[in-house]
Participant: 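Structure in structure tokens, see below.
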Amino acid sequence: MSDLPKDKALTPEKFENLKTKTPPTNSAGLGGLKAATSHAIKYIKSSNILKITQNINQKGGFDCPGCAWPDPDDDRSSLGEYCENGLKAMAEEMQNKLIARDFFAQHSVDELASLSDFEIGKSGRLAEPMYLPEGAIHYQPISWSEAFQKVGAHLNALDHPDEAVFYTSGRTTNEAAFLYQLFVREFGTANLPDCSNMCHEASGSALSETLGIGKGSVTLDDLYKAELVMVIGQNPATNHPRMLSALEKTKKNGGKIIAINPLPEAGLMKFTDPQSPVKMLTGGTKLSDVFVPVTINGDVAFFKALLLKLLEKEELTGDVFDKAFIEEYTNGLKDFISDLKIYNFDECLKASGVSRETFDEVFDLILNKNKIIICWAMGLTQHENAVDNIRELVNLLLLKGSIGKEGAGTCPVRGHSNVQGDRTVGIWESAPQAFLDKIENKYGFKPSTKHGYSVIEAIKAMYEKEAKVFFGLGGNFISAVPDTVYSAQALANCNLTVHVSTKLNRSHLVTGKEALILPCLGRAEKDYQKTGVQTQSVENSMGVVSSTKGVLEPCSESLMSEVAVVCGIANETLKERSKIDWLSYQDDYNLVRDDIAEVVNGFEDYNNKLKKSSGFYLPNGARVRDFKTKTGKANFTVNKLPDWKLQEDELVMMTIRSHDQFNTTIYGLDDRYRGVFNERRIIFMNKEDMKLRSFKEHDVVNLKSNYNGVEREANSFKVIGYEIPKNCCATYFPETNVLVPIDSFAHTAKTPASKSVRITVEKV
């Protein structure tokens, strides 16, 4: 290519017309309704809008490709079972503009890379397969058969199957994901990194160790019945807006809510249901009873302070802990208590950044409550000590007996709509031996037992030229991963990069020597195969598997389903050496589910179960106090405080989403709930930190991080004073992913530490 890969990977250093307002203290309502409607009208064909809104998240309809928040088991809103950002997701994926050979002939890769991520995403739906030959600057059309042959030729030319990386996005359905991992394992590798590695891998690691299952234990009904819900490191109004309706029911039923987060988020202060005229007029429902402005990565310190005071009270009164539960169901209490007593309450509270007054409010709410649910997201999971964060939450729940009973438990809130399901059906670089044995028994080949590459390991392997083919099933890899310049060079080192996508994104512009873009059907589109329109399935954050079936005609005759793409490539790559009839799966997805039923626990009689309109729950040991850990019980753990301090001129930075964003998809340039409009290159700073550096509102600054002697930089950001703890700051991703070191990740989970990056800020 004509320039370095970083020139295509980094977002352009250009400003829009920044405007700021005082952040609101209420969410959804008329503002959400207007925003959702305007996106739909602008980007979706008018003839499709009604079909989409009537069928999204409805029984017998299609699952929203956005977040994984569960649908109510029975009560679905007749006005629309979707949120503002759900409709934005549909407006993004079901765009009325198509791009094919003419578009790519007019626009070179370099030209497209100069666009913002918002502009790239809004270029239109991909309408036919495209190929970038070595040395070329324009993508050109290629037939599906030629594309499959090219992938097969590259894979078969490798010295070893481990020289290929097969990435998966969380929007892939159960059927496509199962076939994908099956193909990869028959090909001969376990290199199956996926987006779990970058978000909730720390949750899975911690929960598997402590409770025996890497998933949450609660249902929606539990949220309605909880006495106390703690929402930590999470911004539901933007990332999972329908969660606010569930929290509103918590409050209606007498439950209390504690929000713990460095930033005050409007959605956790007050919620106005846009489907309720009465609430629109009366101003909605106050949600949080206490807001806890914890310093970035001060969560373990805050929880240790809570645990110390609870222990002190227990030793005085003997009625704080659930001793019967602890005795029957847990292990490791003695070591946990011995370690806890090493710590000093005042020092822990100071390290958390929380005032004593706020602490006391939280303590009073927790003290006498036993139906406690803790919800969390990436504010806890993207730190080097992320696994410790989650384990410390579990310690509190175990002391209170708040696991495996009504109205209590763990609630990690997943992002992509089927990221949990993908892992369940086998997208896992370190799958359990029992699962691999079932694969061998069913299909007659022996899967590799070698630990495959996670995302971080895959990037390093490509950088070192130990991996030479990258295949991405969905997602926007380069904009999701850390250390953007390093990661871009890793992709550029490949012989071939392949992306299965619905629309253009930046990953299509950071390529190996050759590149393919394979356009697939969107979630809302009908999937026509030989046996008719196919039904697929997904799993939500609470372990419910339900059907999803498109209702719109495909926007192009040249699209294929993800299932068909996987089957075509598997058939072309493995040919006569395969023990599997790949093309039969493409013809009838019921056959895929029959196989899943044999191989994956909990899916017995899958096809019949899926006919239930509200779906079915997968087995969950933690939900019924059957803890499948090494000890056979729920385990208390010993966790240390983070052991690092900022230098005098440093801030700790966390990357966050704007309200007009879902993961790496940029719906627009506004962050309405934080009062930011028409700009993404901004840094939120405490006003005292600004004063110390002589910064004024909207000053332009450059950001630098230094980790293990390697300096990284992101230039041209505007400063915005904000209510955030001192020595902390926040920026949007993917703009500042370049500052996140490739070697800074959670122990045991390798989740990138995108929420605790040491940076310096210099005025331009």
Participant: Going by distance alone, is a donor N or O of one side chain under 3.5 Å from an acceptor N or O of the other, for Asn55 and Lys549?
Facilitator: no
Participant: Hydrogens and angles aside, do Gln420 and His200 bring a side-chain donor and acceptor to less than 3.5 Å of each other?
Facilitator: no
Participant: Establish, for the pair Arg625 and Tyr329, whether the NZ or CZ atom is under 6.0 angstrom from the six-membered ring centre and no further than 45 degrees off its axis.
Facilitator: yes
Participant: Just checking, Lys633 and Phe627: is the charged tip under 6.0 Å from the six-membered ring centre and within 45° of the axis?
Facilitator: no
Participant: Applying side chain to side chain donor-acceptor pair (under 3.5 Å), name anything that partners Tyr606, two or more places apart in sequence or on another chain.
Facilitator: Asn174, Ser537
Participant: Within 45° of the ring axis of Phe345 and under 6.0 Å from its six-membered ring centre, is that where the NZ or CZ of Lys309 lies?
Facilitator: yes
Participant: Could Lys225 and Asp222 be called an ion pair, given the rule that one side-chain N must be under 4.0 Å from one carboxylate O?
Facilitator: no
Participant: Quick one: does any side-chain atom of Lys400 pair with a main-chain N or O of Asn370 as donor and acceptor, under 3.5 Å?
Facilitator: no
Participant: May I ask you to check whether Asn639 and Thr637 show a side-chain donor-acceptor distance below 3.5 Å?
Facilitator: yes
Participant: Does a side chain donor of either Asp299 or Asn389 reach within less than 3.5 Å of an acceptor in the other side chain?
Facilitator: no
Participant: Using modelled atom types only, decide if a donor and an acceptor are shared between the side chain of Ser217 and the backbone of Thr410 within a distance under 3.5 Å.
Facilitator: yes
Participant: Quick one: does NZ or CZ of Arg657 land under 6.0 Å from the six-membered ring centre of Phe662, within 45 degrees of the ring axis?
Facilitator: yes
Participant: Val538 and side chain to side chain contact (heavy atoms under 4.5 Å, CB included): which partner among Thr172, Val545, Asp422, Asn418?
Facilitator: Asn418
Participant: Closest heavy-atom contact between Lys251 and Leu287?
Facilitator: NZ-O, 2.9 Å
